[in-house]
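Notes follow the structure.
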Amino acid sequence: QVQLVESGGGLVQAGGSLRLSCAASVPNFSRYTMGWFRQAPGKEREFVACIKWDSSTTYYANSVKGRFTISRDNAKNTVYLQMNSLKPEDTAVYYCAADLWGVGTKSEGSYDYWGQGTRVTVSS
């Protein structure tokens with residue numbers, strides 16, 4: 001059974017940094033494109049970033065480009081989201097997702113597995 005477990009969320013002041021981790025218990029992790037999404041209170045879930053299964057390509061939402069960095073360590077079955085220069089509008093529950101042989105997309109429907117989320121709160 002595939003499990004994705006996010007960690008690293010918390011409370012941080014505006015301008016601060018956090019690093020989220022997503023540990024995947026999935027065979028052949030290197031075959032999965034991994035994505036990060038977020039859902040702010042009262043809003044729909046939105047794409048944040050993704051990294052292709054072969055690490056050849058990364059994509060970012062315009063709202064986080066230049067501030068967030070997605071990376072992966074296939075030896076540890078883990079994907080990371082380094083978040084710098086955090087803003088109050090980054091406050092949300094952050095989810096990681098896995099897409100087998102994915103081409104790298106912001107479409108939620110393309111992802112096969114989802115974690116339970118980790119909460120990030122950025123205070124002003």
Side-chain angles (χ1 to χ4, degrees):
Q1 184 175 352
V2 175
Q3 273 194 318
L4 303 177
V5 180
E6 302 95 336
S7 62
L11 174 64
V12 64
Q13 288 188 332
S17 299
L18 282 175
R19 188 176 81 155
L20 306 183
S21 300
C22 172
S25 61
V26 56
N28 301 309
F29 174 75
S30 61
R31 298 179 182 180
Y32 287 83
T33 288
M34 300 299 295
W36 285 98
F37 291 77
R38 68 185 182 186
Q39 187 168 21
K43 296 187 177 181
E44 293 188 351
R45 190 158 57 186
E46 64 177 2
F47 169 79
V48 175
C50 68
I51 182 166
K52 202 173 173 184
W53 56 271
D54 60 359
S55 299
S56 64
T57 310
T58 56
Y59 297 105
Y60 295 92
N62 288 336
S63 58
V64 306
K65 202 171 293 183
R67 300 188 297 122
F68 290 12
T69 303
I70 188 171
S71 62
R72 65 190 297 156
D73 185 339
N74 288 344
K76 295 183 178 180
N77 281 21
T78 300
V79 62
Y80 304 98
L81 186 68
Q82 177 66 44
M83 306 187 296
N84 298 329
S85 302
L86 283 161
K87 304 175 182 180
E89 50 263 44
D90 295 317
T91 294
V93 177
Y94 284 72
Y95 300 89
C96 73
D99 178 9
L100 181 63
W101 298 122
V103 298
T105 175
K106 62 181 181 180
S107 172
E108 290 188 37
S110 295
Y111 290 84
D112 307 295
Y113 304 103
W114 292 82
Q116 294 299 305
T118 185
R119 186 174 301 275
V120 172
T121 303
V122 184
S123 63
S124 58

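Everything numeric in this text was worked out from a predicted model, so none of it was measured. Just so you know, residue 1 is the first one in the sequence shown, and it goes up from there.
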Could you pull out the closest heavy-atom pair between Lys43 and Gln39, with the gap in Å?
O-NE2, 3.0 Å
By side chain to side chain donor-acceptor pair (under 3.5 Å), Glu46 pairs with (sequence neighbours left out) Arg38
Can you name the side-chain contact (heavy atoms from CB on, under 4.5 Å) partners of Lys87, sequence neighbours left out?
Arg67, Glu89, Asp90
Using atom types as modelled, flag every donor-acceptor pair under 3.5 Å from a side chain in residues 110-124 to any protein atom, sequence neighbours excluded.
residue	atom	partner	partner atom	Å
Tyr111	OH	Thr105	O	2.7
Asp112	OD2	Leu100	N	2.9
Thr118	OG1	Gly9	N	3.2

Just grab all the ring pair (Phe, Tyr, Trp, His ring centres under 6.0 Å) pairs involving residues 81-109, residues at least two apart or on different chains.
Trp53-Trp101
If you define the side chain from C-beta out and look only at heavy atoms, does anything of Val79 sit under 4.5 Å from Trp36?
yes
Who pairs with Phe47 by ring pair (Phe, Tyr, Trp, His ring centres under 6.0 Å), at least two apart in sequence or on another chain?
Phe37
For the student: nearest non-hydrogen atoms of Tyr59 and Gly104, plus distance
CE1-O, 3.7 Å
Taking side-chain contact (heavy atoms from CB on, under 4.5 Å) as the test, write out the residues that go with Lys65, two or more places apart.
Tyr60, Asn62
Are Val103 and Thr33 side-chain neighbours, meaning at least one heavy-atom pair lies under 4.5 Å?
no
Min side-chain heavy-atom separation Phe68-Val48 under 4.5 Å
yes
Are Ile51 and Val5 connected into the same hydrophobic cluster when the rule is that any two of I, L, V, M, F, W, Y join if their side-chain heavy atoms are below 4.5 Å apart?
no
Can I get a per-line list of side-chain donor-acceptor pairs under 3.5 Å for residues 10-24, giving both atom names and the distance, sequence neighbours left out?
residue	atom	partner	partner atom	Å
Ser17	OG	Asn84	OD1	2.9

Which pairs pass salt bridge (Lys or Arg N to Asp or Glu O under 4.0 Å) with one or both residues in residues 100-111, sequence neighbours excluded?
Arg45-Glu108
Show every disulfide (SG to SG under 2.5 Å) that has at least one partner inside residues 46-87, sequence neighbours left out.
none
Are Leu4 and Met34 close enough, and set up right, to give a side chain to side chain contact (heavy atoms under 4.5 Å, CB included), and what steps lead you there?
CA-CA 10 Å; Leu4 303 177; Met34 300 299 295; 4.2 Å; yes
Which residue pairs pass the side chain to side chain donor-acceptor pair (under 3.5 Å) test with at least one member in residues 68-80, sequence neighbours excluded?
Arg72-Asn74
